[in-house]
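Take a look at the structure set out below.
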4 protein chains.
Amino acid sequence: MEFRKQKGIYLQIADYICENVLTEQWKAGEKILSVREMAASIEVNPNTVARTYSYLQDQGIIFMQRGIGYFVADDALPRTQVLKKDDFVNEFLPEVFHTMDVLGIKIEDLLDYYQHRDNGQTDKE
Amino acid sequence: MEFRKQKGIYLQIADYICENVLTEQWKAGEKILSVREMAASIEVNPNTVARTYSYLQDQGIIFMQRGIGYFVADDALPRTQVLKKDDFVNEFLPEVFHTMDVLGIKIEDLLDYYQHRDNGQTDKE
Amino acid sequence: MEFRKQKGIYLQIADYICENVLTEQWKAGEKILSVREMAASIEVNPNTVARTYSYLQDQGIIFMQRGIGYFVADDALPRTQVLKKDDFVNEFLPEVFHTMDVLGIKIEDLLDYYQHRDNGQTDKE
Amino acid sequence: MEFRKQKGIYLQIADYICENVLTEQWKAGEKILSVREMAASIEVNPNTVARTYSYLQDQGIIFMQRGIGYFVADDALPRTQVLKKDDFVNEFLPEVFHTMDVLGIKIEDLLDYYQHRDNGQTDKE
DNA sequence: GTGGTCTAGACCACC
DNA sequence: GTGGTCTAGACCACA
């Protein structure tokens, strides 16, 4: 049994950045914090942030301009959605469905909860 | 940004026990590990396990026989379902729905995934 | 023969607090001593007081405001009465009746004592 | 606030002896444990037991035969009843009645509990 | 052997 | 500052 288990910190930072992209708080073309600034602001070793940035650059979500800094890529939003949607559907949903089985929650119940949740964004148009 | 944040260890242990009850790997009336055995097996302080057991006893999921040990309660399964269903619906589902919004996943997509998942338990009866 | 036997200290502290609630020396909404203040004032380990407060919070007799402190709950008085009435009837009264038997005191004698005690609140209305 | 507070140990030993007299487990004329035996059996300093015996001898509940030991007095039972009845009525009952007031328990409730307690010794004849 | 309790001290999160 | 949690170690009662 593992307690303090968690995803690598660099992936958590990536999630944090993706969250900002997905919620459009960070938009295409915007400069993001430098490796050192980010590291200082979240109190993490700069190498860890560098790894995050490198990973996100691989994913085409941010890009680097040597000597200038990192920027949100033009198609960061759809790429991030694709990346995270994949995680969500393949890693996360199966767990959710399993939990529902174990707890005896039916898909109809879930629909119910969805339709009656606080922020009624369901049928807005 | 928080990296080390987590539920208390004693609640994680409770979750582990609940999982075993829910999946019926531990059945009503069965003796569970003693406080000290459990503590040794998961490498945690006995006091922490004692707190878990005390919490689960309050919830009516396990019961104690002084000088003998702890046992799975007769109605542990339904009680655990109720307990966890609550968590699931109030803590977990809202997050899921928020993530779906952000990722542009519609409830219909989710239904789709549900109906086409591996173990086709959807409409068996 | 046991000399040092007693209820757990944390329960004795709970009794002390309940007493203050029952006699309305502590009223609904009042802040009570912080865990550390109480611990210092009664010369007990803070963990022990924390356990007492946690227990009383479970009972709905006090409530916590994170970073602020603990307060007497709105319906502390009735809840305390219920809690203690239970103790009185199930734990205490049987002992009293047994003692009366052993001492040859009849229930009528007890009624007599009740009606002639100092503060004649018996039949005031 | 005092926790390990209690009556003097010598009085607790006296209570223990009185209990045995009242329940007629020890009868008039029987020899009781020697000071040293009693002290050893309850793991207490012999001086403490000596004080108890001296106190009970003053009350006429036990008597001593020099070089032989202590014995239960002939009229130990009634004397003990008187002694304890006094305590019960003057020390104990007022507390009980006060507690009942604070808890909102009426004398009629108490009669009820008395008549419905487990061992129906109420109207045996 | 079982669990229950208390202590001392540390660290963390929240306000 | 507040409370929450965990640890290590001790002691007690019950069986």
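A, B, ... follow the sequence lines: proteins, then strands. Residue 1 opens every chain.
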Starting at atom [atom1] of [X], determine the distance to atom [atom2] of [N], rounded to an integer number of angstrom.
X	N	atom1	atom2	answer
B/K31	E/dG1	NZ	P	13 Å
C/I9	F/dA10	CD1	C1'	14 Å
C/E43	E/dA8	CD	C1'	16 Å
B/L11	E/dC12	CG	P	19 Å
C/F63	F/dG4	CZ	P	14 Å
B/L56	E/dG3	CG	C1'	15 Å
B/M38	E/dG1	CE	P	19 Å
C/I42	E/dC6	CD1	C1'	13 Å

From [options], pick the nucleotide closest to the side chain of [X]?
X	options	answer
B/R66	F/dG4, F/dA15, F/dT7	F/dA15
C/R51	E/dT2, E/dC6, F/dT7	E/dC6
C/Y10	E/dT5, F/dC6, E/dT7	E/dT5
C/E37	E/dA8, F/dT2, F/dG9	F/dT2
C/Y70	E/dT7, F/dG9, F/dG3	F/dG3
C/S34	F/dG3, F/dC6, F/dA15	F/dG3

ask   = What orientation do D/F92 and C/F92 show, parallel under 30°, tilted 30 to 60°, or perpendicular over 60°?
value = tilted
request  = Decide side chain to side chain contact (heavy atoms under 4.5 Å, CB included) for B/I61 and B/V72; before the verdict, give the C-alpha distance in whole Å, the side-chain angles of both, and the deciding distance to 0.1 Å.
outcome  = CA-CA 6 Å; B/I61 290 170; B/V72 177; 5.9 Å; no
message = Just verifying a value: how many Å separate B/I42 CD1 and B/I9 CD1, rounded to the nearest 0.5 Å?
response = 8.5 Å
request  = State the pairing partner of E/dG9; accept Watson-Crick or G-U wobble contacts with both distances under 3.5 Å, and report none otherwise.
outcome  = F/dC6
Pair assignment for E/dC14, Watson-Crick or G-U wobble, requiring both distances under 3.5 Å = F/dG1
message = Quiz question: going by heavy-atom distance under 3.5 Å, is there a donor-acceptor pair between the base of F/dG3 and the side chain of C/R36?
response = yes
ask   = Is there a donor and acceptor pair closer than 3.5 Å between the side chain of C/N47 and the base of E/dG9?
value = yes
request  = Using a cut-off of strictly less than 4.0 Å, decide whether B/T48 has a side-chain nitrogen or oxygen near OP1 or OP2 of F/dT7.
outcome  = yes
Shortest non-hydrogen contact between D/L110 and C/F97, atoms and distance = O-CZ, 4.0 Å
task = With DNA chain F as reference, determine whether B/I68 or B/N45 sits nearer its 5' end, using the nearest nucleotide of each.
result = B/N45
key: A/L56 and A/C18, any side-chain heavy atoms less than 4.5 Å apart   = yes
